[in-house]
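Reminder, nothing fancy here: chain letters follow the sequence lines and each chain counts from 1.
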Protein chains: 2
Amino acid sequence: MKEIEEILERNKIRVTASRLLVYRYLYERRSVVALSEIENAFGRADRSTLYRTIKTFEENRIVHQIDDGTGVLKYALCEPGCNCNIKSDLHLHFHCNECNETKCLTDHKIPPIEVPDGFVAENANLVIKGVCDKCNLN
Amino acid sequence: MKEIEEILERNKIRVTASRLLVYRYLYERRSVVALSEIENAFGRADRSTLYRTIKTFEENRIVHQIDDGTGVLKYALCEPGCNCNIKSDLHLHFHCNECNETKCLTDHKIPPIEVPDGFVAENANLVIKGVCDKCNLN
DNA sequence: TCAGCAATGCAACAGAAGTGCATTAATTCA
DNA sequence: TGAATTAATGCACTTCTGTTGCATTGCTGA
């Protein structure tokens, strides 16, 4: 928890109970989670508090948002060195159709894509769907 | 309208007023539209009818669904030869952050992506965000 | 013509995202 | 330290989207 406090302080946001808990939850889950999952994990926390907590994290680039095509926004802790705001960090996400989990494939980058003349690409989102390694074993 | 009727008949779905209108709207817009846009275009049509019309089109591969990351599902007419159901047709979409329009870049394919060992990719969705050609001129 | 099926319109629901506002907690600074 | 200020929280509520149930209407084929 000490380290989490430091991370929050480094980002110049106030250290509060919900922020510590949400951060720890994201850290322990080590995957991509929806707001509703965080909600369920903390029975007695208020939705809008969790919502605003995640938004604060997002603004401070502590988490990044992922749209994996399930219709629900997901969030994941930025890995050390994750520059999700920068063009060069266009890593991709994998959504498993069996367990419904989404994973960041941090070390798989999106290959450079050409866009037609006149278009300027600023950002890219690539979600691969299929079966993940765990589900593949069964 | 005659041609639209033929297309519907070819797909063995009944020719009805709402289907003709929705098809024509999609055809004239020639871009990627949300259900709510169709709704607004036909003031007096019922939402669920339009919803089911689009779903029918989707099942019959007349339109394909696009998740452009705005949180709203979009639909576009399949181009002649669009094999949106087939792996090899992983074309990508471009979302303009200025005019908020999404375009199919039909002739730009998603380059082959490697996934980690144990993962099986079945499908991919790639949305590039940036500024489109029209907005770039201004 | 009429039975049967498909399409429509209306109402309603669920889930997620987002906001306003009063209350509470943390900080700042005199 | 303690008052003033600013930020975070909790609650209630709204909006939007997707989706479904059901009764009604309309089409079609025997």
Span of DNA chain C in contact with chain B (heavy atoms, under 4.0 Å): C:dA6 to C:dA12
Interatomic distance, B:Q65 CD vs D:dG18 C1' [rounded to whole Å]: 10 Å
Whole-Å gap separating P (D:dG18) and CD (B:E58): 11 Å
Side-chain donor-acceptor pair present, A:Y51, A:R47, cut-off under 3.5 Å: no
Donor/acceptor link under 3.5 angstrom from B:R14 side chain onto base of D:dG29: no
Distance-only donor-acceptor test, A:R47 side-chain atoms vs D:dG10 base atoms, 3.5 Å: no
Gap between atoms CG and C1', on A:L8 and D:dA7 respectively (whole Å): 14 Å
Nearest-angstrom distance from the residue atom OH of A:Y51 to C1' of D:dG10: 16 Å
Sugar-phosphate only, base, or nothing, as touched by A:S48 at under 4.0 Å among non-hydrogen atoms: base
Ring pair (Phe, Tyr, Trp, His ring centres under 6.0 Å) assessment of B:Y25 paired with B:F42: CA-CA 9 Å; B:Y25 178 75; B:F42 312 122; 5.7 Å; yes
Crowding at CG, A:N40 (>12 non-hydrogen neighbours, <6.0 Å): yes
Separation of D:dG18 P from B:D67 CG (nearest whole Å): 10 Å
Sugar-phosphate only, base, or nothing, as touched by A:S18 at under 4.0 Å among non-hydrogen atoms: sugar-phosphate
Spacing of B:I13 atom CD1 relative to D:dC27 atom P, expressed in whole Å: 16 Å
Non-hydrogen atoms of A:H64 and A:C104 that approach each other most closely: NE2-SG, 3.7 Å
Residues that A:L77 engages under side chain to side chain contact (heavy atoms under 4.5 Å, CB included), provided they are two or more places apart: A:Y23, A:L26, A:Y27, A:I62, A:V63
5′-ward residue of the pair B:S36/B:V15 relative to DNA chain D: B:S36
Touch class at under 4.0 angstrom, heavy-atom based, for B:T49 against every strand present: base
For B:E58, salt bridge (Lys or Arg N to Asp or Glu O under 4.0 Å) partners two or more places apart: B:K55
Under-3.5 Å donor-acceptor pair between A:R52 side chain and D:dG10 base: yes
